[in-house]
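Below: one structure, written as structure tokens.
Letters A, B, ... mirror the listed sequences (proteins, then strands); counts begin at 1. As the structure is a computational prediction, the values presented were derived from the model and not from experiment.
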Protein chains: 2
Amino acid sequence: MRKWEDPSRHQKLIAGAALNTPLYKEVKRLLTETISGGEWKPGSAIPAEWKLAERFDVAVGTVRKAVDELVGENILIRQQGRGTFVAAHNRARLMFHFFHIVRNDGSKLTPEVVMLSFGNGVADAEEAAHLGIKAGAKVFHIRNVLRLADEPIIFDTIVIPQALFPKLTASKVVNRPNTIYHLYQTAFGITVVRSAERLRARLADAESADILGIKVKSPLLEIRRVALTFNDAPVEFRRSLINTEHYEYFSDLAKTGGG
Amino acid sequence: MRKWEDPSRHQKLIAGAALNTPLYKEVKRLLTETISGGEWKPGSAIPAEWKLAERFDVAVGTVRKAVDELVGENILIRQQGRGTFVAAHNRARLMFHFFHIVRNDGSKLTPEVVMLSFGNGVADAEEAAHLGIKAGAKVFHIRNVLRLADEPIIFDTIVIPQALFPKLTASKVVNRPNTIYHLYQTAFGITVVRSAERLRARLADAESADILGIKVKSPLLEIRRVALTFNDAPVEFRRSLINTEHYEYFSDLAKTGGG
DNA sequence: AAGTGGTCTAGACCACCAT
DNA sequence: TGGTGGTCTAGACCACTTA
């Protein structure tokens, strides 16, 4: 009997998943687990598709469909002729997927990050809700100012649970050789895969006006971002205040799906 | 000779397309042309996949890959057991893909649209640039206030080229039975398929403060949206001013690709 | 030349919908 | 019961990278 003639192997592979789960969804889940479990490191290649097909005892086409979705979610990266790689955080990736500020003329600049403070603290109600932890749980608060073209444009407050980032110190943050998401990934094994953002307009208070070098009551764009890892588990809550006099936030939706 | 043994038929189908264009991209282009050309109307089913495969002389899998991308771009809608349909504009579609305002608690309300004015005019430099027309070209200006929970929250100014919407009148806009994008689609054959948005914070001037029932110099979120049809051709430029005291703009990126 | 992903084909069977 | 999309398989060949 050839394998596609055996109706039970599908259920065997699934082993506890919901009934009627497509095989490729199950393969996708196994791939995701293998990545988040650390068997394949960020930046390295995963096995060739035919090897994965053999390992999971499915057809190559089924593996391809699973990989297709993970590529669409920016978790894997395909390179024709080279292989398929686990996405690693670097400046280019951060700028492309997580930095949505452009100058009025549409050009995109890389910000210079200056840390203002690093502190131990506890989560307030809002922070706790966004991070899926209890109010009062220990967190780190990191405040940065982001400079574009030598002007302070963005005032960031980052909140992360101490439980996820044990023994993080200010010096580790300041002396990181790469982006902070790269630090999360390499030092704590936490990969940020997507984010959800909420935006509103507000007036600058005394502190943010001082930091951004503008007048009190100037208009500011406020972004609240929750950064998520696999299975939509929250990792970081970030509040950004942006002086949009010469910069804008852009949201190009769709365009993800096709070519 | 079986058809997959004939290496020339691929180039035959492409007929002038760039070299090495994948077949499914060509099929996608033909599907898009057939839709925008009006052979298949919004809301109606397109032929079954095996019929399309026969019509284009390709395998069903190739048709599926082309349709996959158009589904990802919200141009086609698949319904298992029923068929594949050309996406039609309606309230649900508008709310899901083009209305990104939620209440602070995350709930989404349907706005009540009240038209303030409808006028002939000419495009200024900014409007012309966004619409891909010449400054001074004739446009319609439509101003609306959008009410949520009986409060005026959004002040919209819509700019559309008269060349694309000949003989549009205020009464057609006011008496439309459905959304304005549905009107574009049914009365002018123009289907909005996606949009690109830029956001910033600004202070309310006298007019917007009056319309939104807030104080002058209150903070407002400004959205500039360009709505696009097939091949990214611009259709509408819209400037929205939003009172974000109790409402927010949300941007959930990714999540498009996978499930 | 060897290895990888990208495309294309062909056909089986399943799940769902309308009738 | 017939028709549709959804899944899965199997295998061919192409395009690209690396050595």
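Considering only side-chain N and O atoms, Thr62(B) lies nowhere under 4.0 angstrom from the phosphate OP1 or OP2 of dT7(C).
If you check dT18(D), dT7(D), dT7(C) against the side chain of Tyr24(B), the one that comes closest is dT7(C). For Pro22(B), taking side-chain heavy atoms from C-beta onward, the closest of the listed nucleotides dT17(D), dC8(C), dT9(C) is dC8(C). Minimum atom distance to the side chain of Glu49(B) is reached by dG5(D), of the listed dG5(D), dT4(D), dG6(C). Among dA10(C), dT7(C), dT4(C), the nucleotide with an atom closest to any side-chain atom of Lys51(A) is dT4(C). With dT7(C), dT4(C), dT4(D) as the candidates, the nucleotide lying closest to the side chain of Trp50(B) is dT4(D). Side-chain proximity of Arg82(A) to dT7(D), dG5(C), dT17(D): nearest is dT17(D). Here dT9(D) is the nucleotide among dC17(C), dT9(D), dT17(D) with the atom lying nearest to any side-chain atom of Leu23(A). Out of dT7(C), dT4(C), dG6(D), the shortest distance to the side chain of Lys65(B) is found at dT7(C).
The separation between Glu54(A) atom CD and dA10(D) atom C1' is 15 Å, rounded to whole Å. Residue Asp68(B) contributes atom CG, which lies 12 Å from atom C1' of dT7(D) at whole-angstrom precision. To the nearest angstrom, C1' of dT9(C) lies 15 Å from CZ of Arg64(B). Per the geometry, CD belonging to Gln79(B) stands 11 Å off P belonging to dG5(D), to the nearest Å. One interatomic measurement links the two molecules: CD of Glu26(A) to P of dT9(D), which rounds to 13 Å at whole-angstrom precision. Put simply, CG on Leu76(B) is 11 Å from P on dG5(D), counting in whole angstrom units. Rounded to whole Å, atom P of dT18(D) lies 12 Å from atom CD of Gln80(A). Rounded to whole Å, the distance from CD1 on Ile46(B) to P on dG3(D) is 18 Å.
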Apply the test salt bridge (Lys or Arg N to Asp or Glu O under 4.0 Å) to residues Arg29(A) and Glu26(A): give CA-CA distance (whole Å), side-chain angles for both, the deciding distance (0.1 Å), then the verdict. CA-CA 5 Å; Arg29(A) 194 182 63 74; Glu26(A) 189 55 17; 2.5 Å; yes

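Judged as a side chain to side chain contact (heavy atoms under 4.5 Å, CB included), and not counting sequence neighbours, the contacts of Val113(A) are Asn144(A), Leu146(A), Arg176(A).
Both Arg78(A) and Gly81(A) lie close to DNA chain C; mapped to their nearest nucleotides by heavy-atom distance, the more 5′-ward contact belongs to Gly81(A). Residues Val60(A) and Gly83(B) each lie close to DNA chain D; by heavy-atom proximity, the contact nearer the 5' end of the strand is made by Gly83(B). Toward the 5′ end of DNA chain D lies the nearest nucleotide of Thr84(B), the other residue of the pair Thr84(B) and Gly61(A) mapping further downstream.
Between Arg64(A) and Glu69(A), no side-chain nitrogen of the basic residue sits less than 4.0 Å from a carboxylate oxygen of the acidic one, so the salt-bridge criterion is not met.
Looking at Thr34(B) and Glu39(B), their side chains never bring a donor and an acceptor atom within 3.5 Å of each other. Donor-acceptor pairing under 3.5 Å is lacking for the side chains of Ser251(B) and Glu197(A).
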